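Data block below; observations after.
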Amino acid sequence: MNFKWLGPVALLAAIYIGDQIRINRPGHKYRLTVEVETPDGRKSASGVVAVHPYRGYSGIGPTRTVGDAVYVDLGAGKNLVALLAHIDKKLELEGINYVALRAYTAAAGDGKRVSFNEMNRQTGIVPITGALTPVLVTFADPANPGTARNVQPDQAEAVLGKGYRLHGISAEAVPNGFWPLDFGGVLGEPVTRAVQTKLPWLNSADNSAATALRAAGLPGVEAVDAREAFTRK
């Protein structure tokens with residue numbers, strides 16, 4: 001066996017693997033937390049999402065988010081879901097890429113702008129308010145996408161019932177870890193995958209996600225990939 005090519009082949013493999021890590025490693029990760037006041041006390045849930053800038057070789061490409069919507073079990077058969085989406089006259093999916101960045105910029109004050117490259121150095125928990133607030137929905141029956149209803153952040157009681165109020169939504173930058181080995185612990189915070197266990201119809205072949213968004217009365221559903229409002233890979 002001729003071993004003279006082992007060195008160059010190993011070097012090329014190392015270069016290729018290193019480049020793939022550079023291209024696909026998240027720019028930053030953040031934990032999105034939703035807290036709700038209920039008649040039985042405060043309930044909360046959170047999920048880690050990863051934001052990936054385009055680092056390919058074919059010109060300018062899109063920034064993308066990987067992760068799931070945050071599902072808060074409120075007890076008594078009630079729930080609240082913070083989607084990976086916003087409303088800007090119509091439903092749009094790109095704003096979630098910049099939620100943490102804009103929240104940290106707002107918290108910095110004094111006109112200071114936090115850059116994309118500075119996100120990994122941010123600390124503390126910052127509030128998400130106003131136009132940064134994701135679309136909120138609730139399901140009378142989580143197994144039925146047609147039972148979705150939109151929940152306005154300041155009018156939760158009107159949909160969820162007396163004693164229910166959105167306490168707040170926040171973002172917290174978390175370490176990227178050693179992607180793609182970020183399985184938890186010292187390796188770094190993994191992206192949270194949980195929403196499909198709560199909304200089982202997301203696994204179906206039909207467009208149940210669009211059914212849910214339409215049932216919630218959200219505008220512009222036809223112009224987006226509805227499933228990406230709930231989960232992104």
Side-chain angles (χ1 to χ4, degrees), residues 24-38 42-53 63-75 78-86 91-104 119-120 122-129 132-139 142 145 148 150-151 153 156 160 166-185 187-203 209 212-213 216 224-233:
N24 294 296
R25 187 172 189 263
H28 65 269
K29 295 178 182 177
Y30 67 93
R31 179 178 288 106
L32 185 67
T33 299
V34 181
E35 297 179 283
V36 182
E37 300 289 353
T38 80
R42 188 176 302 171
K43 308 287 186 179
S44 67
S46 63
V48 172
V49 298
V51 181
H52 294 252
T63 296
R64 62 189 181 90
T65 290
V66 175
D68 281 0
V70 176
Y71 183 105
V72 189
D73 187 342
L74 302 177
K78 299 180 185 290
N79 56 79
L80 186 69
V81 185
L83 301 181
L84 304 177
H86 291 81
L91 196 67
E92 67 91 14
L93 305 180
E94 301 304 316
I96 201 70
N97 300 329
Y98 309 102
V99 161
L101 174 68
R102 290 167 178 163
Y104 276 98
M119 278 300 298
N120 275 323
Q122 301 307 304
T123 59
I125 299 172
V126 293
I128 293 173
T129 59
L132 297 181
T133 304
V135 174
L136 303 174
V137 299
T138 185
F139 292 87
N150 186 210
V151 179
L160 296 172
L166 179 67
H167 177 80
I169 303 177
S170 63
E172 178 185 14
V174 299
N176 263 346
F178 298 96
W179 188 92
L181 303 177
D182 48 353
F183 303 135
L187 295 175
E189 296 272 4
V191 167
T192 305
R193 295 297 189 187
V195 74
Q196 293 187 36
T197 64
K198 304 294 186 179
L199 306 175
W201 40 264
L202 278 174
N203 293 313
L213 299 182
V224 301
D225 181 344
R227 196 169 187 272
E228 289 199 343
F230 295 92
T231 183
R232 300 190 197 176
K233 297 181 179 180

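Everything numeric here is computed off the predicted structure, so don't read it as measured data.
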Notebook entry, point to check: Are P134 and I128 close enough that some pair of their side-chain heavy atoms sits under 4.5 Å apart?
Noted result: yes

Check: Short question: side chain of T138, backbone of N79 - any donor-acceptor pair under 3.5 Å?
Finding: yes

Next item on the list: List in chain and number order the residues that pass ring pair (Phe, Tyr, Trp, His ring centres under 6.0 Å) with H86, two or more places apart in sequence or in another chain; answer none if no residue qualifies.
Entry: none

Checklist line | By side chain to side chain donor-acceptor pair (under 3.5 Å) - contacts of E37 (at least two apart) | finding: R42, H167

Note to self: If you compare all heavy atoms of P53 against all heavy atoms of G27, which two are closest, and at what distance to 0.1 Å?
What the structure shows: CD-N, 3.4 Å

Next item on the list: Would you sort out whether L83 and L213 count as a side-chain contact (heavy atoms from CB on, under 4.5 Å), showing the intermediate values?
Entry: CA-CA 10 Å; L83 301 181; L213 299 182; 3.8 Å; yes

Item checked: Non-hydrogen atoms of P127 and A103 that approach each other most closely -> O-CB, 3.7 Å

Checklist line | Spatial distance of atom CG (L84) from atom CD (E228) [nearest 0.5 Å] | finding: 9.0 Å

Margin query: Using modelled atom types and a 3.5 Å cut-off, is there a donor and acceptor pairing between side-chain atoms of Y104 and backbone atoms of A173?
Written below: yes

Next item on the list: Could you give me the CA-CA distance, side-chain angles and deciding distance for L166 and L80, then say whether side-chain contact (heavy atoms from CB on, under 4.5 Å) is met?
Entry: CA-CA 9 Å; L166 179 67; L80 186 69; 4.3 Å; yes

Check: To the nearest 0.5 Å, what is the distance between OH (Y30) and CG (L101)?
Finding: 10.0 Å

Check: Which word best sums up how the rings of F230 and W201 line up, parallel for under 30°, tilted for 30 to 60°, or perpendicular for over 60°?
Finding: perpendicular

Notebook entry, point to check: Roughly how far apart are D68 CG and L32 CG, rounded to 0.5 Å?
Noted result: 11.5 Å

Note to self: Under the side-chain contact (heavy atoms from CB on, under 4.5 Å) test against R31, which residue among T192, V70, V48 passes?
What the structure shows: V48

Item checked: Nearest heavy atoms of F139 and P145, plus distance in Å -> CE2-O, 3.9 Å

Note to self: Under a 3.5 Å distance rule, please check whether N150 uses its side chain to pair with a backbone N or O of L136 as donor and acceptor.
What the structure shows: yes

Note to self: Contact between L199 and P142 at the side-chain level, heavy atoms closer than 4.5 Å - yes or no?
What the structure shows: yes

Next item on the list: Quick one: pull up CZ in R64 and CG in L93 and give me the separation to the nearest 0.5 Å.
Entry: 14.5 Å

Next item on the list: Decide if atom NZ of K43 counts as having more than 12 heavy atoms of other residues, nucleotides or ligands within a radius under 6.0 Å.
Entry: yes

Note to self: Checking T231 against R193: is there a side-chain donor and acceptor pair closer than 3.5 Å?
What the structure shows: yes

Item checked: Over all atoms of both residues, closest heavy-atom pair of K29 and P26 -> CE-CG, 4.1 Å

Checklist line | NE2-NE2 distance between H28 and H52, expressed to the nearest 0.5 angstrom | finding: 10.0 Å

Notebook entry, point to check: What is the minimum heavy-atom distance between A69 and A229, and which atoms define it?
Noted result: CB-O, 4.0 Å

Next item on the list: Could you walk me through whether V34 and V81 pass side-chain contact (heavy atoms from CB on, under 4.5 Å), step by step?
Entry: CA-CA 9 Å; V34 181; V81 185; over 6 Å; no

Item checked: Distance in Å, T63 OG1 paired with I96 CD1, rounded so as to fall on 0.5 Å steps -> 13.5 Å

Margin query: Strictly distance-based, threshold 3.5 Å: is any side-chain N or O of K78 a donor or acceptor partner for the main-chain N or O of L160?
Written below: yes

Note to self: If you compare all heavy atoms of A209 against all heavy atoms of L202, which two are closest, and at what distance to 0.1 Å?
What the structure shows: CB-CD2, 4.2 Å

